[in-house]
Protein chains: 2
Amino acid sequence: MPKLGMEPIRKAALVKATIVEIGRAGSLDVTVSQIAKRAGMSSALAHHYFGSKEEIFLAAMRHILTLYGAEVRGALAAAQGPEGRLRAVLTASFSPGNFRREAVSAWLNFWVLAQSVPEARRLLAVYQRRLRSNLLAGLRPLAGARAESVADGLGALIDGLYLREVLKSGAPDGAAAVTVALDYLTSQLKGPRA
Amino acid sequence: MPKLGMEPIRKAALVKATIVEIGRAGSLDVTVSQIAKRAGMSSALAHHYFGSKEEIFLAAMRHILTLYGAEVRGALAAAQGPEGRLRAVLTASFSPGNFRREAVSAWLNFWVLAQSVPEARRLLAVYQRRLRSNLLAGLRPLAGARAESVADGLGALIDGLYLREVLKSGAPDGAAAVTVALDYLTSQLKGPRA
DNA sequence: AAGTTTATTGACTCGTCAATCAACAAAAAC
DNA sequence: GTTTTTGTTGATTGACGAGTCAATAAACTT
């Protein structure tokens, strides 16, 4: 009963299933069979559409980054003024969606992947550049020449806060992370030292 | 030719070899045979001394944390005054040793492990508590009541800066990371807001 | 209607790997 | 000097997993 035009549907299902399975395992130690089963097809079909397990992982990574990007863009669209834009980036970065088990596991494992898979490293670089550029857009009116260095610090702080929140025991607290980041921002903008 | 008292020697060799292999693979996708071979023994002996692969990994993680702890302690011993102590913690955290491939891979993978292996999570919590306590010791004389929140922000910033340095392409720059962290510190200490 | 393209899977290959075990060797204990 | 403890490995087990392939079937083309 083959219906035509299945490819994008199957691929999307596999990507979703991959992220779920990575979340369940907490690692990339996930078999193609597990993924395919969760996506409701045979493992042979998964190989047919993606060619290899690594391609499946990379597609999943692209999807995670796309989701994050869309969230930021959405928040940005509703933001008013430079402070509003910065706040939008922060709240999007620490939104509940990013603290779901699947997202957490995906991010941590993508950092690991980036060490050895060039394409994964490239994708992560894209994410970082986009974040930096978003921060800079909000910072330039407020920090002038210091915008660049504040953006770099803030970018690192965002990643670090995320890491802390997801690794600590107990439920992560995105709002607290936003507060700390805003506090960093305030103190950096107050005292524009040498 | 069995000499007695081999156990600690063999275990130490296995731990070292494990860290090297994790560095080479960039992941925990490392076989006991690879580790044992690098350590100059049969895989059976590795199992004999550690019981399971997971135990080997945990021993490696303990070793990495021990190394880091020793480095911090050493730097702290030579430090003068609160500012000196804080600077010591930062330089130790961004020392060249922590940017060696093996160390990087170990840290990234231990973050992943911490998601699913309780003992790994515990070890990471120990590291974070120790870091926090070291920062607090330096911060209390300088920041008073704000010490706690500054320590939390600085701790996250350290992790985030580390992550950025190790994931960016090109050689990591520990000194730059220290500078950013010190700048954070300065601006936080200047404006003790409400 | 014959041929082509797309969808789909069960069965299979070939490899790997964690863990176990039997056996051997040397030192220590008795 | 025999028994026990410690060190050591080759061989094996038992399981699993990525990727391939032949075969089947529906749809679309000509």
Side-chain angles (χ1 to χ4, degrees), chain A residues 1-61 105 109 112-113 116-117 119-120, chain B residues 1-61 105 109-110 112-113 116-120:
Chain A
M1 62 268 261
K3 291 157 192 174
L4 290 214
M6 283 278 94
E7 177 156 356
I9 297 170
R10 293 300 202 186
K11 280 193 163 184
L14 283 167
V15 162
K16 251 189 198 174
T18 301
I19 292 167
V20 172
E21 285 298 317
I22 290 175
R24 289 175 71 88
S27 72
L28 300 183
D29 232 328
V30 165
T31 72
V32 175
S33 295
Q34 280 167 24
I35 294 170
K37 186 173 183 181
R38 177 165 300 271
M41 72 195 79
S42 74
S43 71
L45 198 52
H47 277 104
H48 174 64
Y49 282 127
F50 276 104
S52 74
K53 194 179 170 177
E54 185 172 309
E55 284 302 320
I56 301 180
F57 282 156
L58 288 174
M61 187 165 169
S105 197
N109 280 290
V112 167
L113 250 202
S116 54
V117 179
E119 175 68 5
Chain B
M1 63 264 266
K3 290 158 191 172
L4 290 214
M6 283 279 94
E7 176 154 358
I9 297 169
R10 293 301 201 185
K11 280 193 163 185
L14 284 167
V15 163
K16 253 190 198 172
T18 301
I19 292 167
V20 171
E21 285 299 318
I22 290 176
R24 289 175 71 88
S27 74
L28 299 183
D29 232 327
V30 164
T31 72
V32 175
S33 295
Q34 279 167 24
I35 295 169
K37 186 174 183 181
R38 177 166 300 272
M41 72 196 78
S42 73
S43 70
L45 198 53
H47 277 104
H48 174 65
Y49 282 127
F50 277 104
S52 76
K53 195 179 171 175
E54 184 171 310
E55 284 301 320
I56 301 179
F57 283 157
L58 289 174
M61 186 165 170
S105 196
N109 281 289
F110 291 160
V112 167
L113 250 201
S116 54
V117 179
E119 174 68 3

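First the proteins, then the strands, lettered A, B, ... as listed; each starts at 1.
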- Among A/Thr31, A/Val30, A/Leu28, A/Asp29, the one residue meeting side chain to side chain contact (heavy atoms under 4.5 Å, CB included) with A/Glu21: A/Val30
Could you give the [atom1]-to-[atom2] distance, from [X] to [N], as a whole number of Å?
X	N	atom1	atom2	result
A/Leu4	C/dT8	CG	C1'	13 Å
B/Lys37	D/dG10	NZ	P	12 Å
B/Phe57	C/dA18	CZ	C1'	11 Å
A/Asp29	D/dC16	CG	P	14 Å
A/Leu14	C/dT8	CG	C1'	13 Å
A/Met6	C/dT9	CE	P	11 Å
B/Glu55	C/dA18	CD	P	15 Å
A/Ile56	D/dA18	CD1	C1'	10 Å

- side-chain N/O A/Tyr49 vs C/dT6 OP1/OP2, d < 4.0 Å: no
- Task: Please determine if a side-chain N or O atom of B/Arg10 lies less than 4.0 Å away from the OP1 or OP2 oxygen of D/dT8.
- Result: yes
For the side chain of [X], starting at C-beta, report the closest nucleotide among [options].
X	options	value
B/Lys53	D/dG19, D/dT8, C/dA19	C/dA19
A/His47	D/dA18, C/dA18, D/dT9	D/dA18
A/His48	D/dT9, C/dA19, C/dT8	C/dT8

- Note on the structure: Between A/Arg10 and A/Ala39 the two heavy atoms that sit nearest each other are NH1-O, 4.5 Å
- Enclosure of A/Lys11 NZ (heavy-atom neighbours >12, cutoff 6.0 Å): yes
- Give a yes or no on this: more than 12 heavy atoms of other residues, nucleotides or ligands lie within 6.0 Å of atom NZ of A/Lys53. yes
- Item | B/Ser43 or A/Ser42, whichever maps to the more 5' nucleotide of DNA chain C | A/Ser42
- Task: Say whether, by atom type as modelled, one donor and one acceptor occur between the side chain of B/Ser105 and the main chain of B/Ile22 under 3.5 angstrom.
- Result: yes
- Message: Does A/Thr31 reach a base, just sugar-phosphate, or nothing at all? Heavy atoms under 4.0 Å.
- Response: sugar-phosphate
